[in-house]
Amino acid sequence: MDERVRVRYAPSPTGDPHVGNIRTALFDWLFARHTGGDFILRIEDTDAARATDGALKSIMESLRWLGLDWDEGPDVGGAYGPYVQSERLELYREKAKDLVDRGYAYYCYCSSERLKEMRQEQARRKQPPGYDRLCRDKGYGYSEDPPPVVRFKMPLDGETEFHDLIRGDVTFANATVDDFVILKSDGYPTYHLASIVDDHLMEISHVLRAEEWLPSAPRHVHLYNALGFEKPHFAHLPIILGPDRSKLSKRHGDVSVLQYRDMGYLPEAMFNFLALLGWSLDDHTEIISRDDLVHHFSIDRIVKSGAIFNLEKLTWMNGMYIRNLSEGDLVGRIVQTLDDSLSSEVPRPISEDYVGAITPLVQERLKTMTDVPALMDFFFIEELDYPTDDLIQKGMDRAETTLALESALERVSGLESWSTESLEGELRPLAEELSVKTGQLFGAIRVAVTGRKAAPPLFETMAVLGRDKSLHRLRKSVHSLRES
RNA sequence: GGCGCAUUCGUCUAGCGGCCAAGGACACCGCCCUCUCAAGGCGGAGACCACGGGUUCAAAUCCCGUAUGCGCCA
């Protein structure tokens with residue numbers, strides 16, 4: 001078919017989208033951009049009980065963060081609006097009534113008590129749950145009290161077959177599908193009716209959605225037919241799993257996209273990672289740009305089975321992306337992170353030049369942006385706080401350490417130029433003179449100057465830190481060794 | 001319980017009948033580099049391709065069953 005590709009991401013506004021939802025959006029978006037089609041955002045808020053305030057905002061924020069722009073949607077409008085289902089209720093009611101009038105659906109007045117009893121009975125007899133079709137052939141008209149639901153008449157026998165772009169031909173026996181509700185007694189449509197009506201009206205060409213919708217696909221096929229709508233292409237995407245192999249959900253902990261943003265992951269990395277969760281280009285590509293992804297994306301390379309969200313790999317990938325960032329780009333992000341995370345005692349604004357000097361020292365050490373303060377706060381803090389014993393290196397005692405640090409202090413304070421080279425030129429020979437290993441001497445100085453046992457390369461660090469701070473910290477370390 | 005989908009290293013995956021005594025990546029282990037930590041380089045361990053039958057000269061790849069997992073239906 002050579003129709004225009006139009007795909008939609010249609011979340012319910014029930015909270016922050018989690019990575020599974022957003023991966024679906026990502027595939028939709030990739031497919032739209034690859035084909036030059038349209039990506040539409042539609043809000044399915046007909047389940048009023050579950051709708052959450054602010055959810056729409058966080059949906060859009062999540063999409064924007066990943067750079068998934070939409071061509072039509074609640075905020076930007078479009079020729080097929082409105083894009084919020086609660087503003088389209090009349091449309092669904094009309095269609096429901098039309099289906100009743102034409103004999104494809106019927107009013108059902110069964111009370112919830114009766115339905116509950118029916119289900120209990122079915123459970124007791126180990127029968128599959130489902131409506132028993134009591135009202136099906138009664139020909140009830142509409143009456144207000146009590147308000148009825150509208151149920152769709154599924155064929156009682158035969159099979160429904162449809163083609164799935166990922167799974168091939170899928171077949172269901174009609175007898176296993178009950179007469180499902182399409183319009184609730186409060187006049188709100190169910191997902192089934194609303195999504196089919198909207199997908200048709202919005203001229204959606206491909207429905208890419210999570211695999212959990214596969215069992216309801218035969219219902220949709222019959223709805224399309226009864227309504228006289230042409231069916232879109234279906235592709236049921238594999239589900240994202242938690243570590244226990246069940247469908248990823250809130251109980252798995254950190255699952256919302258926005259949380260990953262707050263945990264210091266780069267949108268580029270998340271984009272890349274999510275694209276490779278259920279899709280691959282070939283047998284070796286791991287790091288792939290957004291443009292290449294758009295260029296190469298195809299539905300037939302989507303995998304069939306669910307995938308566990310592997311945080312360790314995401315973290316590795318994030319580190320790769322941080323390392324590949326241009327220095328200027330990284331500096332900007334680090335300044336922002338520091339501004340957000342450093343104690344208020346550190347004067348603002350954070351100097352971009354200073355951060356620019358530090359950045360090369362930490363770039364290859366960052367895995368996430370939340371590592372930033374831990375890796376470089378000693379550049380900003382005035383007084384370091386560390387256990388004095390940390391100064392004493394393996395194989396040395398207190399006296400030797402004190403002597404070593406004093407000697408280092410002395411050597412270095414006379415330096416004309418304070419640079420990586422001059423510092424190394426003084427300190428490396430010193431180790432030999434003191435007959436200690438360079439690792440021991442440098443280790444002691446490192447702790448004195450940074451307060452940490454692990455830090456960026458020592459001489460670079462001291463050079464950037466500057467003469468005053470470095471000398472002050474060395475002096476302080478000697479004092480604390482003497483005092484305790 | 002019924003129906004559906006899935007099943008290749010711990011994890012993500014390549015593989016669409018012979019190139020596979022199964023390739024890549026993360027994680028793990030070792031070595032190298034090295035002032036620590038990283039990064040990087042090299043190497044290692046890790047999958048009898050869920051199991052059992054077929055089809056074929058030839059199957060991880062096709063077909064059928066079974067098992068397991070997951071999903072949906074309340």
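Bear in mind that the values here come from a model prediction, so they are computed numbers and not experimental data. Each chain gets a letter, A, B and so on, in the order its sequence line appears, and its residues count up from 1. Every heavy atom of this structure was used, including side-chain atoms; hydrogens, water molecules and symmetry mates were not.
Contacts of Lys476(A) classified as salt bridge (Lys or Arg N to Asp or Glu O under 4.0 Å), with partners at least two apart in sequence or in another chain: Glu383(A). Scored by the side chain to side chain contact (heavy atoms under 4.5 Å, CB included) test, Ser470(A) finds Trp418(A), Met462(A), Leu465(A) as partners (sequence neighbours excluded).
Contacts of Pro456(A) with the nucleic acid, taken as non-hydrogen atoms under 4.0 Å apart, include base atoms. Residue contacts for Lys247(A): at a heavy-atom cut-off of 4.0 Å it reaches the sugar-phosphate backbone alone, with no base atom in range. Within 4.0 Å (heavy atoms only), Glu286(A) reaches at least one base atom of the nucleic acid.
Between the C1' atom of rC19(B) and the CG atom of Asp283(A) lies a distance of 13 Å, rounded to the nearest Å.
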Next on the checklist: Apply side-chain contact (heavy atoms from CB on, under 4.5 Å) to residues Val7(A) and Thr35(A) and explain how you reach the verdict.
Outcome noted: CA-CA 11 Å; Val7(A) 295; Thr35(A) 54; over 6 Å; no
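rC32(B) sits 23 Å from rG46(B) when the C1' atoms are compared, rounded to a whole Å. Nucleotides rG30(B) and rU66(B) are separated by 47 Å at their P atoms, to the nearest Å. Spacing between rU61(B) and rC49(B) at atom C1', rounded to whole Å, works out to 10 Å. With both ends at atom C1', the span from rA59(B) to rG40(B) equals 41 Å, rounded to whole Å.
For rC20(B), there is no paired nucleotide, since no Watson-Crick or G-U wobble pair has both relevant distances below 3.5 Å. Using Watson-Crick or G-U wobble geometry with both donor-acceptor distances under 3.5 Å, rG46(B) finds no partner in any strand shown. The nucleotide rU56(B) finds no pairing partner, because no Watson-Crick or G-U wobble arrangement with both distances shorter than 3.5 Å includes it. Base pairing analysis places rG2(B) opposite rC72(B); the two distances defining the Watson-Crick or G-U wobble pair are each below 3.5 Å.
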Pick out the pairs of N or O atoms, protein on one side and nucleotides 15-18 of chain B on the other, that lie under 3.5 Å.
residue : atom : partner   : partner atom : Å
rG15(B) : OP1  : Arg301(A) : NH1          : 3.0
rG15(B) : OP1  : Arg301(A) : NH2          : 3.4

Listed pairs, N/O of protein and of nucleotides 4-11 of chain B, under 3.5 Å:
residue : atom : partner   : partner atom : Å
rC5(B)  : O2'  : Arg167(A) : NH1          : 2.8
rC5(B)  : O2'  : Glu211(A) : OE2          : 2.9

Look for any protein N or O under 3.5 Å of an N or O in nucleotides 40-45 of chain B and output each such pair with its distance, or none.
residue : atom : partner   : partner atom : Å
rG40(B) : OP1  : Arg323(A) : NH1          : 3.4

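Distances shorter than 4.0 Å separate some side-chain N or O of Lys367(A) from OP1 or OP2 on rA39(B). The shortest distance between the side-chain N/O atoms of Arg428(A) and the OP1/OP2 oxygens of rC35(B) is below 4.0 Å.
Residue pairs meeting the side chain to side chain donor-acceptor pair (under 3.5 Å) criterion with at least one member in residues 263-278 of chain A, sequence neighbours excluded: Tyr265(A)-Thr315(A), Glu268(A)-Arg333(A), Asn272(A)-Tyr321(A).
Using cut-offs of 30° and 60° on the angle between ring planes, the pair Phe31(A) and Phe297(A) is perpendicular.
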